[in-house]
Amino acid sequence: DVRMRNPSSPVISVLTGDFLAPYLLSSVDKGQGMMDALAGTPIDYLTWGNHEADVDHRTVCRHVRAFPGTWLNSNMLDHAAMDAQKTHDIVEVPAVDGSHTRKVGLAAVLSDDPSLY
């Protein structure tokens with residue numbers, strides 16, 4: 001509906017963490033099935049969730065580098081696969097009448113505070 005009203009306006013999709021685990025198949029395939037599904041789904045951005053740490057680190061790094069969209073990571077800048085992630089992104093959204101453009105900033109922050117979960 002949004003694209004029909006304003007074809008020049010971007011429509012983005014974001015998956016906000018905890019997609020590699022916990023789910024039953026990931027205990028067997030280390031998240032490969034989910035990453036295969038995401039590669040065929042119009043997901044533009046992924047962000048970290050605390051359960052991505054349930055999959056071994058080397059495998060997660062491989063998944064980060066293979067994801068065809070943008071993986072956002074704004075605060076774990078020493079991550080081993082940071083070369084395949086962005087700290088932020090900016091999406092420009094034009095007004096329906098074309099009179100102006102807004103900029104929307106995207107960031108993704110993960111906390112290690114267990115009281116948040």
Side-chain angles (χ1 to χ4, degrees):
D1 185 45
V2 172
R3 286 185 181 160
M4 294 175 86
R5 287 186 308 203
N6 188 3
S8 65
S9 183
V11 175
I12 62 171
S13 58
V14 180
L15 184 55
T16 57
D18 293 348
F19 48 86
L20 289 180
Y23 89 107
L24 185 58
L25 183 58
S26 69
S27 63
V28 176
D29 74 354
K30 299 180 181 180
Q32 187 61 52
M34 182 59 77
M35 293 308 297
D36 290 346
L38 291 175
T41 306
I43 300 292
D44 300 303
Y45 296 92
L46 290 180
T47 68
W48 291 100
N50 60 313
H51 285 289
E52 271 63 59
D54 296 347
V55 177
D56 76 273
H57 190 67
R58 284 188 196 159
T59 301
V60 170
C61 289
R62 189 178 75 242
H63 291 327
V64 169
R65 289 187 173 102
F67 179 62
T70 302
W71 199 305
L72 293 175
N73 172 5
S74 303
N75 70 321
M76 299 186 303
L77 304 182
D78 60 348
H79 190 271
M82 194 62 210
D83 60 300
Q85 300 171 71
K86 291 180 73 172
T87 58
H88 66 282
D89 206 359
I90 297 173
V91 178
E92 293 192 5
V93 182
V96 174
D97 65 4
S99 62
H100 61 277
T101 300
R102 303 264 187 215
K103 291 183 179 181
V104 178
L106 303 174
V109 179
L110 182 65
S111 173
D112 62 357
D113 182 350
S115 69
L116 294 174
Y117 305 110

Item to check | Criterion side chain to side chain contact (heavy atoms under 4.5 Å, CB included) on Val64 and Gln85, from CA distance to verdict | outcome: CA-CA 7 Å; Val64 169; Gln85 300 171 71; 3.6 Å; yes
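- For residues 52-86, the set of pairs meeting the ring-ring contact (aromatic ring centres under 6.0 Å, His included) definition, not counting sequence neighbours, comprises Phe19-Trp71, Trp48-Trp71, Trp48-His79, His57-His79.
- Here Asp56 pairs with Lys30 under the salt bridge (Lys or Arg N to Asp or Glu O under 4.0 Å) rule; sequence neighbours left out.
- Side-chain N or O atoms of Thr47 include none that pairs as donor or acceptor with a backbone N or O of Leu72 at under 3.5 Å.
- Ser74 places a side-chain N or O within donor-acceptor distance of the main-chain N or O of Ala108, the cut-off being under 3.5 Å.
- Transitive grouping of hydrophobic side chains (ILVMFWY, heavy atoms separated by less than 4.5 Å) keeps Val109 and Tyr45 in distinct clusters.
- Put simply, the side chain of Gln32 does not reach to within 4.5 Å of the side chain of Leu25, judged on heavy atoms.
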Item to check | Residues Val104, Ile12; criterion side chain to side chain contact (heavy atoms under 4.5 Å, CB included); working and verdict | outcome: CA-CA 11 Å; Val104 178; Ile12 62 171; over 6 Å; no
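- Checked against salt bridge (Lys or Arg N to Asp or Glu O under 4.0 Å), Asp29 has no partners two or more places apart in sequence or in another chain.
- Heavy-atom contacts from other residues, nucleotides or ligands closer than 6.0 Å to CG of Leu77 number more than 12.
- Distance check, rounded to the nearest 0.5 Å: CG of Asp112 to CE of Met76 gives 10.0 Å.
- Note: Leu20 CG to Leu46 CG = 8.5 Å, rounded to the nearest 0.5 Å.
- Annotation: salt bridge (charged side-chain N to carboxylate O under 4.0 Å, His left out) contacts involving residues 74-87, sequence neighbours excluded, comprise Arg65-Asp83, Lys86-Asp89.
- Interatomic distance, Asp44 CG to Thr70 OG1, rounded to the nearest 0.5 Å: 7.5 Å.
- Between Glu52 and Asp18 there is a side-chain heavy-atom pair separated by less than 4.5 Å.
- Expressed to the nearest 0.5 Å, how far OG1 of Thr41 lies from CG of Leu15 amounts to 9.5 Å.
- The ring-ring contact (aromatic ring centres under 6.0 Å, His included) analysis of residues 88-111, with sequence neighbours excluded, yields no pairs.
- Here Asp54 pairs with Ala21, His51 under the side chain to side chain contact (heavy atoms under 4.5 Å, CB included) rule; sequence neighbours left out.
- Between the side chain of Thr101 and the backbone N or O of Glu92 there is no donor-acceptor pair closer than 3.5 Å.
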